[in-house]
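Accompanying notes for the structure given below.
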Amino acid sequence: MTADPNFGRLLANRYRLAELIGRGAMGRVYRAEDTLLGGIIAVKFLSQTLLNPKMRDRFKSEARTCAQLGRKSIHIVKVTDYGVNEDDVPFYVMEYLQGESLSEIISTQPIPLPRFLALSRQIALGLQCAHQGIMIDGSLYPIIHRDIKPSNILVSQDSSLVELVRILDFGISKLLQADSGQTNSYMGTLAYSSPEQMEGRELDARSDIYSLGVMMYEMLTGKMPLHVETHAFGAWYRAHHSQPPRSFEAVDPSLRLPKALENLVMSCLAKSPNDRPQSIADVLRALEPLEQRYNDSRRVADDLDKILKSKPLLRNLPKPTIDPLPLENEICKLATWPKDKPTAQIVFAQTLTTSKNTLPAVWVMLPQQEIQNFQVYKLYNRIYKNFLCTMSPHPMLLWITGLYNQLRGQEQGPRWLLAYLDLKTASGQEMIRLLGEKGEYQVLLFALEQPEVCAHAMTISVNQSQRLQLQEWSITSQSWRSIGQPTLSKNLLKTEFDKLKPRVTADMENSSNGSSLGNQN
């Protein structure tokens, strides 16, 4: 097998290509490293077989569309750069997304109703942003995606435990202009195309709504609303034009759906555009009461969009701290074990105030010998830090620090320091703000044998991506309604940590060099 010649290639004197992660009709997508600013990004190249002026213009239009839409909505993939390599092949740079495509999720089983409502709402919000349009030369032009299907929907399920939907691949999207003519040819995916799209007619937002209807039907049932014997163009043309969509009961007699939801999906599948919801806003209005009824932890992604416009994330975060922090031995002198805490092996989060700073800190009490191992044999330390967050049933963050010293013994494993932050409290909000602002935190170690004074302090950095994530969670939690006890969220986060722990433990024990592990970009 021939090795990919692009592996290791430095693009635009900045992006080092690492791995082929996808390919489609228009080109290939690589995982790459941004050597200038750091971090992992994705690079999409136009296919060599499509290097003609028309496809170049379409590829550039896709990059421009995603760049503008990605700044307006968290539900559309963000594009950050565009260029042409030394072989005259155009490319664009976008955020590197990890998760599952909706097609992968559907392939396992139909999606439960609460999850369906949350995902559908986010997809609709992304489409609404596109349909509202982008500014070009001072004029607003609506964007029709034209290829809405499960494989073009990515669902991220990262450490936040909050699913986030992003719409991908605007490669055949249509810029609606007042003087545009007929498309004259079919472009799209047969099973998800509207009747008017199959005819090559000029399209509007209602065509995407039809495709959304096909996809929503598939999400709920695992099957398609129309049945064809062959996947030829003619068979799909006849099905979309004349075959009534199968009822939900006919496909799955055991499926119990609200009548209002059945009516919504079937209206999206209407053959005539005039019989469908006339805008995505109509779809969102129909979903809202369903989500209120069947999903108490309804998503606030649309509210987050509004919040981010008035209180945007600082993508170029300031350098951590303005005032110089005290040295670790000076921090030890400032820290005194709180009188309201027992003398026991416990962990808790609490700020530490100095003459110039208020520092985020994890306070820990351990046996003296264990602290001495971390202090004296620093070269043998392995440190892991991470943050897990859930917004439902109650906004809660789990702050994880793992300390492992080879001299402590393989049989004992890492020392896990777990601290919970209730994001609905002032103290929780202050701590998450400080973590993002300072870019580091203190681990204050107190000995059981001499609890009066701090025996050792460790400074642990918080990387750029973590700081951005913390900032986003802080903003989201402020508008999120709690629907359950904080203890329930703590239990959920602890369960997720227990799933993560074996892999991290193995990494720490097998690491041959010191410093930090995990989320260190």
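Here, residue 1 is the first one in the sequence, and each next residue gets the next number. The basis for the numbers below is simple: all heavy atoms, side chains too, and nothing from hydrogens, waters or symmetry mates.
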Next on the checklist: Contact between Ser120 and Leu287 at the side-chain level, heavy atoms closer than 4.5 Å - yes or no?
Outcome noted: yes
Review point. Would you say the side-chain atoms of Ser73 pair up with the backbone N or O of Gly70, donor to acceptor, closer than 3.5 Å?
Key: no
Looking at His227, is its backbone amide N or carbonyl O close enough to the side chain of Gln243 to form a donor-acceptor pair, meaning the two atoms are under 3.5 Å apart? yes
Nearest heavy-atom approach of Gly213 to Leu269 is C-CD2, 3.6 Å
What one should report as the nearest heavy-atom pair of Ser392 and Thr390 is O-OG1, 2.8 Å
dist Phe387:CZ -> Leu470:CG (nearest 0.5 Å) comes out at 5.0 Å
- Are any of the side-chain heavy atoms of Thr505 and Tyr384 separated by less than 4.5 Å? no
Item to complete: Look only at the side chain of Gln132 and the backbone of Pro142, and say whether a donor-acceptor pair between them is shorter than 3.5 Å.
Response: no
Sorted by chain and residue number, the salt bridge (charged side-chain N to carboxylate O under 4.0 Å, His left out) partners of Arg14 (sequence neighbours excluded) come out as Asp34
- Task: Assess whether ring-ring contact (aromatic ring centres under 6.0 Å, His included) is satisfied between Phe91 and Phe59, documenting all intermediate values.
- Result: CA-CA 8 Å; Phe91 67 88; Phe59 190 77; 8.7 Å; no
Next item on the list: Check whether the side chains of Ser207 and Ser194 place a donor and an acceptor atom closer than 3.5 Å, and report yes or no.
Entry: yes
Heavy atoms, side chains only, cut-off 4.5 Å: are Leu212 and Met216 in contact?
yes
Should Arg285 and Glu288 count as an ion pair when the cut-off is N to O under 4.0 Å?
no
Go through it in stages, so that I can follow the logic: the residues are Glu19 and Arg31, the test is salt bridge (charged side-chain N to carboxylate O under 4.0 Å, His left out), and I'd like the CA-CA distance, side-chain angles, deciding distance and then a yes or no.
CA-CA 5 Å; Glu19 177 189 7; Arg31 178 175 62 82; 3.0 Å; yes
- [ ] Ignoring hydrogens and angles, tell me if any N or O in the side chain of His145 forms a donor-acceptor pair with the backbone of His131 under 3.5 Å.
- [x] no
Value for NE2 (His75) from CD (Gln122), rounded to nearest 0.5 Å, stands at 4.5 Å
message: Just so I know, are the side chains of Ile400 and Lys385 near enough to count as touching, which here means a heavy-atom distance under 4.5 Å?
response: no
Applying salt bridge (charged side-chain N to carboxylate O under 4.0 Å, His left out) to Arg433 and not counting sequence neighbours gives Glu437
>> Before you tell me yes or no, could you show the steps for Tyr15 and Asp81 under side chain to side chain donor-acceptor pair (under 3.5 Å), namely the whole-Å CA-CA distance, both residues' side-chain angles and the distance that decides it to 0.1 Å?
In response: CA-CA 11 Å; Tyr15 308 111; Asp81 199 2; 2.7 Å; yes
Tightest non-hydrogen contact, residues Asp275 and Ala270, listed as CB-CB, 3.6 Å
Inset, instruction - Starting from the C-alpha separation in whole Å, work towards a yes-or-no answer on side chain to side chain contact (heavy atoms under 4.5 Å, CB included) for Glu249 and Leu255. - result: CA-CA 7 Å; Glu249 183 179 8; Leu255 186 62; over 6 Å; no
Between the CD1 atom in Ile153 and the CE atom in Met219, the distance rounded to the nearest 0.5 Å is 8.5 Å
Under 3.5 Å side-chain donor-acceptor pair for His241 and Glu199: yes
* To do: Before giving the answer on salt bridge (charged side-chain N to carboxylate O under 4.0 Å, His left out), spell out for Glu100 and Arg166 the whole-Å C-alpha distance, their side-chain angles and the decisive distance to 0.1 Å.
  => CA-CA 11 Å; Glu100 289 184 291; Arg166 284 186 175 91; over 6 Å; no
- Message: Please determine whether the number of non-hydrogen atoms from other residues, nucleotides or ligands lying under 6.0 Å from atom CG of Asn52 exceeds 12.
- Response: yes
Residues pairing under side chain to side chain donor-acceptor pair (under 3.5 Å) where one sits in residues 253-272, two or more places apart or in two chains, turn out to be Asp252-Ser254
Decide whether Gln278 and Arg206 meet the rule of one side-chain donor and one side-chain acceptor closer than 3.5 Å. yes
When every non-hydrogen atom of Leu264 is compared with those of Pro277, the smallest separation belongs to CD1-CG, 4.4 Å
Quiz item: Can you check side chain to side chain contact (heavy atoms under 4.5 Å, CB included) on Arg56 and Asp88, steps first, answer last?
Solution: CA-CA 11 Å; Arg56 284 175 179 273; Asp88 203 32; 3.1 Å; yes
By salt bridge (charged side-chain N to carboxylate O under 4.0 Å, His left out), Arg71 pairs with (sequence neighbours left out) none
Result for side chain to side chain contact (heavy atoms under 4.5 Å, CB included) between Asp208 and one of Leu127, Asp147, Ile143, Ile280 points to Leu127
>> For Tyr30 and Phe45, I'd like to know if the aromatic rings sit close, meaning centre-to-centre distance below 6.0 Å.
In response: yes
Here the salt bridge (charged side-chain N to carboxylate O under 4.0 Å, His left out) pairs for residues 228-241, sequence neighbours left out, are none
Taking the side chain as everything from C-beta on, heavy atoms only, tell me whether Cys66 gets closer than 4.5 Å to Lys78. no
From the list Leu493, Leu388, Leu492, side chain to side chain contact (heavy atoms under 4.5 Å, CB included) partner of Met396 resolves to Leu493
When every non-hydrogen atom of Ile123 is compared with those of Val165, the smallest separation belongs to CG1-CG1, 3.6 Å
Legend entry - Beyond-backbone contact of Leu261 with Leu220, side-chain heavy atoms, under 4.5 angstrom: yes
**Q.** Check: Tyr210 ring centroid to Tyr192 ring centroid under 6.0 Å
**A.** no
* To do: Decide side chain to side chain contact (heavy atoms under 4.5 Å, CB included) for Ile111 and Ile106; before the verdict, give the C-alpha distance in whole Å, the side-chain angles of both, and the deciding distance to 0.1 Å.
  => CA-CA 7 Å; Ile111 297 175; Ile106 294 173; 4.3 Å; yes
_Measuring only between side-chain heavy atoms, which start at C-beta, is Ile105 closer than 4.5 Å to Arg115?_
yes
CZ (Arg121) and CG (Leu125) are apart, to the nearest 0.5 Å, by 6.0 Å
Side chain to side chain donor-acceptor pair (under 3.5 Å) filter on Tyr96, not counting sequence neighbours, yields none
**Report entry** Audit row: Lys223, Glu218, salt bridge (charged side-chain N to carboxylate O under 4.0 Å, His left out) steps and yes/no
**Finding:** CA-CA 5 Å; Lys223 297 179 174 62; Glu218 188 180 5; over 6 Å; no
| Polar side-chain atom of Gln68 near backbone of Met135 as donor-acceptor pair, under 3.5 Å | yes
When rounded to the nearest 0.5 Å, the distance separating NZ of Lys54 from CG of Asp57 is 10.5 Å
task = For the residue pair Met94 and Ile41, establish whether any side-chain heavy-atom pair is separated by less than 4.5 Å.
result = no
dist Leu468:CG -> Trp473:CH2 (nearest 0.5 Å) comes out at 11.5 Å
Checklist entry - Would a line drawn from the ring center of Phe248 to the ring center of Tyr217 be shorter than 6.0 Å? => result yes
Looking only at heavy atoms, the pair that brings Leu290 and Pro258 closest together is CD2-CB, 3.8 Å
*Between Ser193 (side chain) and Thr189 (backbone), is there a donor-acceptor pair under 3.5 Å?*
yes
